[in-house]
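From a predicted model like this one, the values you see are computed outputs, not experimental measurements. Sequential numbering from 1 along the given sequence is applied to the chain's residues.
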Amino acid sequence: MTRSVSQTEQYLAKCAHAYYLRRVEGVVPRPAAWSHQGTAFHGASETYEIGGRKADEGFIADLFSQDYSAAVNRDLDREPDLKQWMTAGPDAASDIESRYVLGREQTKAYVRWAQKNGPALWKDEKGKPGVELHLTANIGGIKVQGYIDQLVSEPDGSVRVRDLKTGTMKSRFQLETYAILVRKALGLVVNKGDWYMAKRNGLSRPLDLSKVTEDQVGEKYARMDAGVKAGDFPANPGFGCRFCDVSHACTFKRR
């Protein structure tokens, strides 16, 4: 079984019972426009970077629109009752519309930011830029995979792991995992990581990853893996239930 950051954080930091409902029982999560916004933004920025930053911002924004609209429409076919959608706004319809507009603005802003700052993306031996890299490696005895948004070349010959965020939530564990994956799968030196924050169109402060070890990261994966295999899925009812996409199937949720 291959493990990931999202699996491990859901099990250890959020709610192991939610992990069980979604990943063992196969409960279909409630739709959320914010998820489609993030996915479409990533797809548009990836296309822009792989294309050598040659496309104009209008073209890239249109890619966002196409992907976002297609994803929303697929979920509307599956769940036409907007009252069942998760939303951060007054209602799902308004949230869907506002995120369409916001996503286009964020996508255009990313293009302008990349043109101005010109981050030097790491490239493999074939010249392919380090964008949306799928890496797999054994970490602490557990097979772990990750999709790294960007790998940036540093002046000292090392590389920096970068994650693109359309929201505000940041995960140190995610960047730590990516650092270990890059070291083990690609044999590169990773000393720093950061986040591109689309909400403010800029980078976070760099995170020092130079002292992060495989043992530190692997301990969490091993603990999560052991718990899942033991069938240990304790519920963690509380404030987080409001943001749980499988709470509709949960008997422990906070009311």
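Using a 4.5 Å heavy-atom cutoff, the side chains of Arg162 and Asp149 are not in contact.
The CG atom of Leu133 sits 6.0 Å away from atom CG of Leu151, with the distance rounded to the nearest 0.5 Å. Glu176 contributes atom CD, which lies 12.0 Å from atom CG of Leu181 (distance to the nearest 0.5 angstrom). From His248, atom NE2 reaches atom CG of Leu21 across 8.5 Å, with rounding to the nearest 0.5 Å. Rounded to the nearest 0.5 Å, atoms CD (Glu97) and CG (Asp91) are 9.5 Å apart. Between atom CG of residue Leu188 and atom CH2 of residue Trp122 there is a gap of 6.0 Å, rounded to the nearest 0.5 Å. Atom CG of Leu207 and atom CZ of Arg172 lie 4.0 Å apart (nearest 0.5 Å).
Taking the six-membered ring for Trp and the full ring otherwise, Tyr147 and His134 have centroids separated by under 6.0 Å. Taking the six-membered ring for Trp, Phe41 and Phe64 have ring centres at least 6.0 Å apart. Tyr221 has its ring centre less than 6.0 Å from the ring centre of Phe173.
Below 30°, between 30° and 60°, or above 60°: for Tyr19 and Phe233 the angle between ring planes is below 30°, a parallel geometry.
Gln145 and Arg3 share no side-chain donor-acceptor pair at under 3.5 Å. Looking only at atom types and distance, the side chain of Gln115 has no donor-acceptor partner in the side chain of Glu57 under 3.5 Å away.
Side chain of Ser247 to main chain of Phe243: no donor-acceptor pair is present (N/O by atom type, distance under 3.5 Å, no hydrogens or angles). Panel note: side chain Asp194, backbone Ser204; no donor-acceptor pair is recorded below 3.5 Å.
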### Message
Show, in sequence, the C-alpha distance, side-chain angles and deciding distance for His36 and Asp75, and conclude whether the side chain to side chain donor-acceptor pair (under 3.5 Å) test is met.
### Response
CA-CA 10 Å; His36 299 318; Asp75 267 348; 2.6 Å; yes
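Between Asp245 and Arg22 there is a salt bridge, since at least one side-chain N of the basic residue sits less than 4.0 Å from a carboxylate O of the acidic one.
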